[in-house]
Q: 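This is the structure, below, for whatever I ask next.
In what follows, every chain begins at residue 1, and chains take the letters A, B, ... in the order their sequences are listed.
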Amino acid sequence: MVKTRIAPSPTGFPHVGTAYIGIFSYVWARKNGGRFIVRIEDTDQNRYVEGAEEGILRALKWLGLDYDEGPDVGGPNGPYRQSERLELYRRYAQELLDKGLAYRAFETPEELAAIREELQKKGLGYGYDGRARNIPRAEAEARAAAGEPHVIRLKTPESGSVVVYDELRGAIEFSSHEIPDVVLLKSDGYPTYHLAVVVDDHLMEVTDVIRGEDWLVSTPIQKLLYQAFGWDEPKWYHLPLLRAPGGAKLSKRTGHTSIDYYREEGFLPEALVNYLSTMGFSMPDEREIFGLEEMIAAFSWERVSLGGPVFDEEKLRWMNGKYIREVLSLEEACDRLKPFLQSAGLEWGTDEYLCQVVTVMRPRFETLKEFVEKARYFFDEDYPFAPKAEKELRKGAETLRELKELLAGLPDFAPERTEEAITAFAAARDLKLRKVMQPLRAAITGSLATPGMYELLEILGKERVMKRLERAFAHLRELEGDQ
RNA sequence: GGCCCCUUCGACUAGCGGUUAGGUCACCGCCCUUUCAAGGCGGCGGCACGGGUUCGAGUCCCGUAGGGGUCACCA
């Protein structure tokens with residue numbers, strides 16, 4: 001059975017990179033009828049952030065990446081939080097010690113810094129020379145027993161090479177002398193990533209490790225660990241890293257990397273997932289709008305490209321708009337908007353009214369949050385007047401007064417009726433339609449960017465429109481009073 | 001810097017030896033039009049470079065360049 005996992009660290013907000021890798025892991029597991037699990041890698045006590053785990057799990061659920069096993073849902077191979085598995089790592093580190101494949105090292109951070117500097121001068125690529133290998137076993141055990149702080153390091157081969165097989169790139173060879181004696185167990189008793197990931201992936205029966213390319217060069221270390229334990233290694237897939245517009249790895253400094261940011265800005269989870277999926281994957285028929293189910297059906301590693309994709313928020317916005325106007329049903333779109341209206345303190349009355357508004361507004365906003373900004377006047381009689389709208393108001397004040405009388409005489413604001421009345425009104429005065437429309441638009445919305453006038457009038461209704469015209473004239477008087 | 005990975009329009013990508021190198025975003029123009037959008041149509045724009053292999057390379061190989069990653073008791 002194919003089993004994939006995602007292993008986020010609770011060190012901050014939920015990262016889009018986690019979602020990105022999560023999508024491919026999820027899809028590959030589902031494609032194969034396998035299992036997708038979440039494991040929390042909280043082995044760094046210094047970087048641990050309270051609440052981060054909850055944020056990450058919430059984000060994964062929001063995106064629709066439901067997992068079969070995880071810290072909050074349990075599973076057959078738990079616990080799924082590394083801080084709760086410390087005994088396991090110690091036991092396995094001991095096993096390596098017993099086999100003579102690992103050793104205790106007692107250097108202080110200062111000593112290590114000195115060693116690193118020294119090696120750096122010699123032009124060597126990494127930071128430890130394996131000198132503690134020379135400490136006699138008995139002495140090391142005695143010092144450890146005496147409570148001397150130390151770490152346990154992996155004894156890596158001194159010659160030869162390690163060949164890693166990446167499913168997306170093929171065989172990659174690393175010279176053994178470039179693989180350092182990495183720390184397996186830290187002096188605080190916590191494991192490092194290398195030990196924890198191998199022990200957990202093995203125990204949790206992970207068959208396919210899908211992760212970011214930044215892990216590629218550490219794979220030989222983990223492969224060595226699998227060998228040391230005598231376990232079968234999983235298949236490795238290293239996905240390219242998401243890039244920021246400049247080209248560097250997407251980070252806090254180079255772009256918006258928090259999933260929460262996108263949720264708060266009014267992006268739809270479906271759109272974010274869809275967009276992230278197109279970062280490296282493409283459908284056989286080149287369609288760009290597709291959901292997880294479609295991706296699962298069409299997925300193949302051959303359709304994954306390896307160039308680092310640049311995360312383009314502009315295209316994400318376009319795609320989000322596409323979802324709002326073409327993928328979501330009208331009712332669904334209305335429901336998604338409600339929380340945003342609420343947090344803006346706006347009331348929409350009936351669902352029917354909201355849907356009328358959304359119907360005409362749908363082609364005009366790309367994020368849920370943007371709707372609130374652009375459709376405010378539908379929900380607030382105290383809508384503000386934009387400077388350009390005020391200008392139209394001034395220019396068309398006379399026309400508007402006459403138009404108001406006309407509108408007041410109409411029995412109702414059915415589109416056919418208002419259209420006939422207004423076009424006739426303009427024709428009678430030999431006015432271009434816009435000379436009539438713009439002042440009216442400005443008056444009843446405070447804006448010059450709105451849906452069509454006839455639908456606007458119908459949705460707002462005669463009563464509200466007449467009141468708004470009154471208010472607009474009042475506003476006009478204030479403006480003139482100021483001058 | 002050592003090592004590793006990557007390289008098609010500005011961005012995301014299709015292409016798996018023979019194509020006028022296709023699509024999407026962005027940009028520009030036109031159409032529609034009462035504004036703003038959406039939509040339709042059209043345009044701009046690319047195989048990093050140099051060697052090979054081959055009758056024939058965007059497609060295969062090598063090199064160069066460029067970009068990225070990684071060199072922690074962080075993951």
Side-chain angles (χ1 to χ4, degrees), chain A residues 7-9 11 41-44 46-47 105 107-109 112-113 116 119-120 123-128 149-153 164 166 168-169 172-175 178-180 182-188 190-194 196-197 212-220 238 240-241 243 245 247-249 275 278-289 302-303 305-312 314-319 321-322 325-326 360-366 374 388-389 392 419 422-423 426 432-438 440-442 445 447-454 456:
Chain A
S9 287
T11 54
E41 311 236 319
D42 55 346
T43 56
D44 186 345
N46 300 318
R47 293 208 305 157
E107 289 83 7
T108 63
L112 284 174
R116 203 166 322 165
L119 291 172
Q120 211 72 249
L124 288 171
Y126 54 88
Y128 187 66
H150 66 285
V151 299
I152 294 176
R153 286 180 183 272
V164 167
D166 178 88
L168 305 179
R169 295 160 239 266
I172 302 167
E173 183 173 6
F174 297 87
S175 299
E178 278 159 21
I179 304 171
V182 293
V183 171
L184 262 20
L185 205 64
K186 303 183 240 182
S187 58
D188 62 3
Y190 278 63
T192 59
Y193 174 81
H194 303 294
V197 79
E213 196 179 1
D214 47 350
W215 291 110
L216 186 57
V217 295
S218 77
T219 312
H238 292 90
L241 262 18
R243 307 283 186 85
K249 167 161 101 168
Y275 180 66
T278 64
M279 305 270 84
F281 172 75
S282 62
M283 287 296 243
D285 61 2
E286 293 193 60
R287 102 188 87 129
E288 288 197 291
I289 303 299
E302 288 177 7
R303 302 209 59 81
S305 55
L306 298 177
V310 174
F311 189 98
D312 180 8
E314 197 57 48
K315 187 158 184 180
L316 205 211
R317 288 184 68 85
W318 165 79
M319 192 172 276
K322 197 87 174 159
R325 74 185 96 92
E326 290 178 20
V360 298
M361 283 300 291
R362 271 220 270 191
R364 296 178 165 81
F365 63 97
E366 293 185 311
K374 293 189 170 175
K388 283 182 181 172
E392 284 293 340
E419 174 167 11
I422 293 174
T423 49
K432 292 233 185 216
L433 244 199
R434 59 171 299 142
K435 291 281 180 193
V436 180
M437 291 296 199
Q438 289 299 70
L440 179 58
R441 191 185 313 279
T445 69
S447 166
L448 293 182
T450 79
M453 183 56 72
Y454 309 122
L456 208 49

Q: Side chain of A:S305 only, heavy atoms from C-beta on: which candidate in B:rU34, B:rU70, B:rU13 is closest?
A: B:rU13
Q: For B:rG1, give the paired nucleotide (Watson-Crick: N1-N3 plus N6-O4 or O6-N4; G-U: N1-O2 and O6-N3; both under 3.5 Å), or none.
A: B:rC71
Q: So which nucleotide from B:rU34, B:rG22, B:rG69 ends up closest to the side chain of A:L241?
A: B:rG69
Q: Residues in salt bridge (charged side-chain N to carboxylate O under 4.0 Å, His left out) with A:K186, at least two apart?
A: none
Q: List the residues meeting side chain to side chain contact (heavy atoms under 4.5 Å, CB included) with A:E302, not counting sequence neighbours, and say none if there are none.
A: A:S300
Q: Please give the nucleotide sitting opposite B:rU35 as a Watson-Crick or G-U wobble pair, both distances under 3.5 Å, or none.
A: none
Q: Considering every strand shown, what is the Watson-Crick or G-U wobble mate of B:rC44 when both distances are under 3.5 Å?
A: none
Q: If I take atom CZ from residue A:R441 and atom CD from residue A:E392, how far apart are they, to the nearest 0.5 angstrom?
A: 9.5 Å
Q: Of the nucleotides B:rG23, B:rC16, B:rC12, which one has an atom closest to the side chain of A:V310?
A: B:rC12
Q: What pairs of nitrogen or oxygen atoms, one from the protein and one from nucleotides 4-7 of chain B, lie under 3.5 Å apart?
A:
| unit_1 | atom_1 | unit_2 | atom_2 | d |
| --- | --- | --- | --- | --- |
| B:rC5 | O2' | A:R169 | NH1 | 2.8 |
| B:rC5 | O2' | A:E213 | OE2 | 2.4 |

Q: Checking contacts here: which listed nucleotide (B:rG15, B:rA26, B:rU13) is nearest the side-chain heavy atoms of A:E314?
A: B:rA26
Q: Any donor and acceptor pair, going by atom type alone, linking the side chain of A:S187 with main-chain N or O of A:V151 inside 3.5 Å?
A: no
Q: Given that both distances must come in under 3.5 Å, which nucleotide forms a Watson-Crick or G-U wobble pair with B:rG66?
A: B:rC6
Q: For a quick test of reading the model: is some side-chain N or O of A:S282 closer than 4.0 Å to OP1 or OP2 of B:rA14?
A: yes
Q: Any base atoms under 4.0 Å from A:M361, or only sugar-phosphate, or nothing? Heavy atoms, all strands.
A: nothing
Q: When you compare B:rA37 with B:rA26, how far apart are their P atoms, in angstrom units rounded to a whole number?
A: 12 Å
Q: Please tabulate the protein-to-nucleotide N/O contacts below 3.5 Å involving nucleotides 39-44 of chain B, giving atom names and distances.
A:
| unit_1 | atom_1 | unit_2 | atom_2 | d |
| --- | --- | --- | --- | --- |
| B:rG39 | OP1 | A:R325 | NH1 | 3.3 |

Q: Tell me every residue that passes side chain to side chain contact (heavy atoms under 4.5 Å, CB included) with A:T278, counting only those two or more places apart in sequence or in another chain.
A: A:N274, A:Y275, A:F290, A:M319
Q: Looking at A:W215, is its backbone amide N or carbonyl O close enough to the side chain of A:S218 to form a donor-acceptor pair, meaning the two atoms are under 3.5 Å apart?
A: yes
Q: Is the closest side-chain heavy-atom distance between A:Y454 and A:I422 below 4.5 Å?
A: yes
Q: Within the distance-only criterion (no hydrogens, no angle test), does the side chain of A:S305 pair as donor or acceptor with the backbone N or O of A:G307 below 3.5 angstrom?
A: no
Q: Does A:K388 make a side-chain N or O approach to OP1 or OP2 of B:rU35 shorter than 4.0 Å?
A: no
Q: For the side chain of A:K315, counting heavy atoms from C-beta on, which of B:rG15, B:rC12, B:rC16 is nearest?
A: B:rC12
Q: Pairing check on B:rC16: which nucleotide meets the Watson-Crick or G-U wobble criteria with it, both distances under 3.5 Å?
A: none
Q: Hey, does the side-chain of A:K435 have a donor or acceptor N/O within less than 3.5 Å of a partner on the base of B:rU34?
A: no
Q: Just checking A:G212: base, sugar-phosphate only, or nothing, at a heavy-atom cut-off of under 4.0 Å?
A: nothing
Q: Across the strands shown, which category fits A:K432 at heavy-atom distances under 4.0 angstrom: base, sugar-phosphate, nothing?
A: nothing
Q: Atom pairs, N/O to N/O, protein against nucleotides 73-75 of chain B, distance under 3.5 Å?
A:
| unit_1 | atom_1 | unit_2 | atom_2 | d |
| --- | --- | --- | --- | --- |
| B:rC73 | OP2 | A:R153 | NH2 | 3.4 |
| B:rC73 | O2 | A:S187 | N | 2.8 |
| B:rC73 | O2 | A:S187 | OG | 2.9 |
| B:rC73 | N3 | A:S187 | OG | 3.0 |
| B:rC73 | N4 | A:E107 | O | 3.0 |
| B:rC74 | OP2 | A:K186 | NZ | 2.9 |
| B:rC74 | O2' | A:D44 | OD2 | 2.9 |
| B:rC74 | O2' | A:R47 | NE | 3.2 |
| B:rC74 | O2' | A:R47 | NH2 | 3.2 |
| B:rC74 | O2 | A:R47 | NH2 | 3.4 |
| B:rA75 | OP1 | A:T43 | OG1 | 2.8 |
| B:rA75 | OP1 | A:K186 | NZ | 2.6 |
| B:rA75 | OP2 | A:Y193 | N | 3.3 |
| B:rA75 | O3' | A:S9 | OG | 3.0 |
| B:rA75 | O3' | A:E41 | OE1 | 3.0 |
| B:rA75 | O2' | A:S9 | OG | 2.7 |

Q: Map A:G280 and A:P363 onto RNA chain B by nearest heavy atom, then report which one ends up closer to the 5' terminus.
A: A:G280
Q: Taking CD1 from A:I179 and P from B:rG2, how many angstroms apart are they, rounded to a whole number?
A: 19 Å
Q: Heavy atoms, side chains only, cut-off 4.5 Å: are A:V182 and A:R153 in contact?
A: no
